[in-house]
Amino acid sequence: MRGGWEHFPHGADVGVRGYGASRDEAFAQAALALSAIVTDPSGVAQKQAVDVRCAAPDDELLLVDWLNALIYEMATRKMCFGRFDVRLVEHRLDGRAWGESLDIARHQPTVEPKGATYTELRVAREPAGRWVAQCVVDV
């Protein structure tokens, strides 16, 4: 069972969805989907690590907090990210994002994410055992 990510259409906004063999991996893949709204994550050098910690009463709210924390880090540090590690214990998240300063010419950013929303919010284990973490991001 491999992890992965995808976008799904939602009006003027963008849905992000991460898959994984664990909740940790699904959250990390959802973060990659978020990054891919801005630029191709495979073209982002892993020069700097940024630690992110979140806590919430349930998995769904934790996903929104995680993605919004990453959006905050992208905006305030003027960075883009291409790799994520996530460790979940109950409803606490310890994450690390690797990336670099945004280079307009090289990264060719498309849109700026404004915030993760509760629309189509879902964190669940599918019948086959794979985890999915998704929501709509306002762009």
Side-chain angles (χ1 to χ4, degrees):
M1 184 181 325
R2 279 189 62 156
W5 62 268
E6 66 185 4
H7 293 143
F8 59 91
H10 187 273
D13 297 324
V14 178
V16 296
R17 182 178 292 134
Y19 299 104
S22 66
R23 286 185 315 147
D24 302 32
E25 186 178 10
F27 273 59
Q29 291 296 320
L32 270 175
L34 171 67
S35 288
I37 292 172
V38 178
T39 190
D40 179 359
S42 68
V44 177
Q46 299 171 24
K47 294 181 177 179
Q48 181 180 353
V50 175
D51 291 325
V52 176
R53 289 180 178 78
C54 308
D58 62 41
D59 286 345
E60 286 82 13
L61 295 176
L62 187 58
L63 176 65
V64 170
D65 286 354
W66 162 238
L67 296 178
N68 281 330
L70 293 172
I71 291 168
Y72 173 82
E73 295 296 340
M74 285 188 238
T76 59
R77 295 175 185 265
K78 296 182 173 60
M79 288 183 71
C80 50
F81 298 111
R83 181 177 148 221
F84 302 90
D85 282 340
V86 173
R87 182 172 171 258
L88 294 165
V89 177
E90 307 247 338
H91 301 300
R92 290 185 321 274
L93 181 148
D94 286 317
R96 180 167 280 178
W98 283 269
E100 65 179 318
S101 295
L102 181 66
D103 178 329
I104 301 292
R106 191 164 57 81
H107 295 122
Q108 299 180 348
T110 54
V111 297
E112 180 179 2
K114 294 180 178 80
T117 72
Y118 301 130
T119 305
E120 297 201 41
L121 178 58
R122 180 173 175 246
V123 175
R125 191 171 199 165
E126 295 179 327
R130 178 176 74 166
W131 282 88
V132 61
Q134 71 174 40
C135 73
V136 171
V137 174
D138 182 21
V139 292

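What you are looking at is a predicted structure, and each value in this text was computed from that prediction instead of being measured.
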Undergrad: Which atoms form the tightest heavy-atom contact between Leu32 and Pro41, and what is the distance?
TA: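 Taking Leu32 first and Pro41 second, the nearest heavy atoms are CD2-CB, 3.7 Å.
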Undergrad: For Arg96, check side-chain hydrogen bond (donor to acceptor under 3.5 Å, both in side chains) against everything at least two apart and list the hits.
TA: Asp51
Undergrad: Step by step, would you call Tyr118 with Leu61 a side-chain contact (heavy atoms from CB on, under 4.5 Å)?
TA: CA-CA 8 Å; Tyr118 301 130; Leu61 295 176; 3.5 Å; yes
Undergrad: Set out, in order, the CA-CA distance, both residues' side-chain angles and the distance that settles salt bridge (Lys or Arg N to Asp or Glu O under 4.0 Å) for Arg83 and Asp85, then state yes or no.
TA: CA-CA 7 Å; Arg83 181 177 148 221; Asp85 282 340; 3.3 Å; yes
Undergrad: Hey, is the main chain of Gly99 close enough, under 3.5 Å, to the side chain of Lys47 for a donor-acceptor pair?
TA: no
Undergrad: Ignoring hydrogens and geometry, is there a side-chain-to-backbone donor-acceptor pair from Glu25 to Gly3 under 3.5 Å?
TA: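 Yes, Glu25 side chain to Gly3 backbone: donor-acceptor pair under 3.5 Å.
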Undergrad: What are the two closest heavy atoms between Cys135 and Leu121, and how far apart are they?
TA: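 Closest approach of Cys135 to Leu121, heavy atoms only: CB-CD1, 3.9 Å.
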Undergrad: Within a radius of less than 6.0 Å around CZ of Arg106, do more than 12 heavy atoms belonging to other residues, nucleotides or ligands occur?
TA: yes
Undergrad: SG of Cys54 to CZ of Arg92: how many Å apart, nearest 0.5 Å?
TA: 12.5 Å
Undergrad: As a quick check of understanding, evaluate side-chain contact (heavy atoms from CB on, under 4.5 Å) for Glu112 and Met74, giving each step before the final call.
TA: CA-CA 9 Å; Glu112 180 179 2; Met74 285 188 238; over 6 Å; no
Undergrad: Can you give me the closest heavy-atom contact between Arg77 and Gln48, atom names plus distance?
TA: NH1-NE2, 3.7 Å
Undergrad: Distance from Asp103 atom CG to Gln108 atom CD, nearest 0.5 Å?
TA: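 With rounding to 0.5 Å, CG (Asp103) is 9.5 Å from CD (Gln108).
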Undergrad: Please report the closest heavy-atom contact between Thr39 and Val44, naming both atoms and the distance.
TA: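 Heavy-atom minimum between the residues: CG2-CG2, 3.9 Å.
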Undergrad: List the atom of Ala55, the atom of Asp65, and the distance in Å for their closest heavy-atom pair.
TA: O-OD2, 3.5 Å
Undergrad: Please test Glu60 against Leu63 for side-chain contact (heavy atoms from CB on, under 4.5 Å), starting from the C-alpha separation and ending with a verdict.
TA: CA-CA 5 Å; Glu60 286 82 13; Leu63 176 65; 5.9 Å; no
Undergrad: With Glu126, which residues qualify under side-chain hydrogen bond (donor to acceptor under 3.5 Å, both in side chains), at least two apart?
TA: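 Listed in chain order: Arg130.
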Undergrad: So does Trp131 get a backbone contact from the side chain of Ser22, meaning a donor-acceptor N/O pair under 3.5 Å?
TA: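 Here the side-chain-to-backbone pair does not exist.
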Undergrad: Pick out which of Leu34, Thr117, Asp13 makes a side-chain contact (heavy atoms from CB on, under 4.5 Å) with Val137.
TA: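 Only one of Leu34, Thr117, Asp13 forms a side-chain contact (heavy atoms from CB on, under 4.5 Å) with Val137, namely Leu34.
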Undergrad: Considering non-hydrogen atoms only, spot the tightest contact between Ala116 and Leu67 and give its length.
TA: CB-CB, 3.8 Å
Undergrad: Which side-chain N or O atoms in residues 4-11 pair as donor and acceptor under 3.5 Å with protein atoms at least two apart or in another chain?
TA:
{"from": "Glu6", "atom 1": "OE2", "to": "Arg17", "atom 2": "NH1", "distance (Å)": "2.5"}
{"from": "Glu6", "atom 1": "OE2", "to": "Tyr19", "atom 2": "OH", "distance (Å)": "2.7"}
{"from": "His7", "atom 1": "NE2", "to": "Ala33", "atom 2": "O", "distance (Å)": "2.8"}

Undergrad: For residues Val52 and Phe84, determine if any side-chain heavy atom of one lies less than 4.5 Å from a side-chain heavy atom of the other.
TA: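 A side-chain contact under 4.5 Å is absent here.
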Undergrad: Hey, mind stepping through Asp59 and His91 against side-chain contact (heavy atoms from CB on, under 4.5 Å) and telling me if it holds?
TA: CA-CA 6 Å; Asp59 286 345; His91 301 300; 3.0 Å; yes
Undergrad: Atom CD of residue position Gln46 - does it have more than 12 heavy atoms of other residues, nucleotides or ligands inside 6.0 Å?
TA: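 Yes, CD of Gln46 has more than 12 neighbouring heavy atoms, counting only those of other groups under 6.0 Å.
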Undergrad: Is Trp66 reaching over with its side chain to a backbone N or O of Leu93, donor-acceptor style, under 3.5 angstrom?
TA: no
